[in-house]
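One structure below.
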Amino acid sequence: MRQYMALMLAVLVGGGCGLLLDNPAPEEARVVIDGDAETEVRIITSTVFVSAVNEEGVTRVQLFEADTIVTTLPYRRTFDIQEDHRFFAEAARLDVDVQNLTMQVYLDDRKQFDEGGILIEGAPFRFVYMFNQAVTQEIEVL
């Protein structure tokens with residue numbers, strides 16, 4: 001009986017160790033931006049930044065490194081975030097308002113952001129993710 005109990009305990013502990021060693025942080029972020037075909041937008045992405053929520057409930061972001069591109073819609077790209085465990089994405093208009101734009105961000109296969117509508121000057125679509133840290137919908141880039 002003791003051997004049986006010892007064997008069961010070993011199986012339970014061994015199986016539980018796998019749960020403790022699994023990293024729950026997502027490995028990739030996928031950005032999907034759709035809208036009127038051939039519409040130009042500016043996209044900023046980063047995994048090297050800090051952010052914090054201030055007393056007014058605004059998430060403030062300080063980018064240290066970022067990629068900025070001007071591209072035409074539709075836009076799809078996957079980013080490796082395993083090392084930094086954070087991701088920032090922004091879609092902004094260029095010269096004219098974009099009447100029909102949808103921005104979605106997936107962490108691994110889970111949709112975490114889904115915004116759509118008119119993209120106007122001074123009101124870009126922004127997404128911030130930091131593993132195990134709270135962020136708000138209102139995001140300000142410093």
Side-chain angles (χ1 to χ4, degrees), residues 3-142:
Q3 287 179 337
Y4 176 75
M5 294 299 283
L7 179 62
M8 290 303 291
L9 181 61
V11 168
L12 289 174
V13 169
C17 286
L19 293 175
L20 295 176
L21 297 177
D22 286 344
N23 184 354
E27 296 179 1
E28 64 183 27
R30 183 168 42 103
V31 178
V32 177
I33 304 175
D34 288 310
D36 297 328
E38 301 302 313
T39 300
E40 286 191 325
V41 294
R42 184 189 76 221
I43 300 171
I44 300 172
T45 57
S46 178
T47 60
V48 185
F49 63 90
V50 295
S51 75
V53 178
N54 68 14
E55 56 276 350
E56 287 90 32
V58 176
T59 298
R60 291 194 162 173
V61 177
Q62 176 67 55
L63 303 174
F64 296 113
E65 293 179 20
D67 291 325
T68 302
I69 64 166
V70 173
T71 189
T72 56
L73 297 178
Y75 173 84
R76 283 150 176 66
R77 181 153 177 219
T78 301
F79 300 85
D80 181 0
I81 63 171
Q82 290 182 75
E83 187 173 321
D84 297 306
H85 302 295
R86 65 189 69 217
F87 184 69
F88 171 85
E90 173 182 290
R93 78 181 224 7
L94 288 178
D95 298 328
V96 296
D97 294 345
V98 179
Q99 297 302 311
N100 177 28
L101 186 126
T102 301
M103 177 174 156
Q104 298 174 325
V105 181
Y106 297 81
L107 298 177
D108 290 340
D109 290 330
R110 296 178 311 272
K111 187 187 302 182
Q112 299 294 309
F113 182 83
D114 189 359
E115 286 289 321
I118 300 173
L119 192 59
I120 61 173
E121 184 175 5
F125 291 173
R126 290 183 175 143
F127 171 79
V128 176
Y129 166 77
M130 295 184 65
F131 182 65
N132 279 343
Q133 292 188 7
V135 296
T136 61
Q137 292 286 353
E138 191 171 342
I139 300 167
E140 177 180 292
V141 178
L142 305 175

To the nearest 0.5 Å, tell me how far [X] [atom1] sits from [Y] [atom2].
X	Y	atom1	atom2	result
Arg93	Leu119	CZ	CG	8.0 Å
Phe88	Thr59	CZ	OG1	11.0 Å
Asp97	Ile120	CG	CD1	6.5 Å
Gln104	Glu115	CD	CD	10.5 Å
Ile81	Met130	CD1	CE	11.5 Å
Asp114	Phe125	CG	CZ	10.0 Å

Neighbour count >12 (heavy atoms, 6.0 Å) for atom CD, Gln62: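 Atom CD in Gln62 is packed in, count exceeds 12.
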Is atom CD of Glu121 surrounded by more than 12 heavy atoms (other residues, nucleotides or ligands) closer than 6.0 Å?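 At most 12 heavy atoms, drawn from other residues, nucleotides or ligands, come within 6.0 Å of this atom.
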Without swapping roles, check the side chain of [X] against the backbone of [Y] for a donor-acceptor pair under 3.5 Å.
X	Y	value
Thr68	Ile44	no
Asp108	Glu27	yes
Asp84	Arg86	no

Where do Val135 and Val61 land on the side-chain contact (heavy atoms from CB on, under 4.5 Å) test, with the steps shown first? CA-CA 10 Å; Val135 296; Val61 177; over 6 Å; no
If you look at every heavy atom in [X] and [Y], which pair is closest and at what distance?
X	Y	answer
Phe87	Thr45	CZ-CG2, 4.1 Å
Phe113	Met103	CD2-O, 3.5 Å
Lys111	Tyr106	CE-OH, 3.4 Å
Pro26	Tyr129	CD-OH, 3.0 Å
Ile33	Leu73	CG2-CD2, 3.5 Å
Glu38	Thr72	O-CG2, 3.7 Å

List the steps, then state whether side-chain contact (heavy atoms from CB on, under 4.5 Å) holds for Phe64 with Val50. CA-CA 8 Å; Phe64 296 113; Val50 295; 3.8 Å; yes
Does a side-chain heavy-atom distance below 4.5 Å link Tyr75 with Val41?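 No; the side chains remain at least 4.5 Å from each other.
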Taking the side chain as C-beta and beyond, is there a heavy-atom pair between Asn100 and Thr39 under 4.5 Å?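 With C-beta onward as the side chain, the pair stays apart.
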Please walk me through it: do Arg30 and Arg76 pass side-chain contact (heavy atoms from CB on, under 4.5 Å)? CA-CA 7 Å; Arg30 183 168 42 103; Arg76 283 150 176 66; over 6 Å; no
Any salt bridge linking Arg126 with Glu140? Criterion: basic side-chain nitrogen under 4.0 Å from a carboxylate oxygen.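 Judged by the 4.0 Å cut-off on N to carboxylate O distance, Arg126 and Glu140 do not form a salt bridge.
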For side-chain contact (heavy atoms from CB on, under 4.5 Å), just list the numbers for Ile118 and Gln99, CA-CA rounded to whole Å, side-chain angles, deciding distance to a tenth of an Å, and then say yes or no. CA-CA 5 Å; Ile118 300 173; Gln99 297 302 311; 3.9 Å; yes
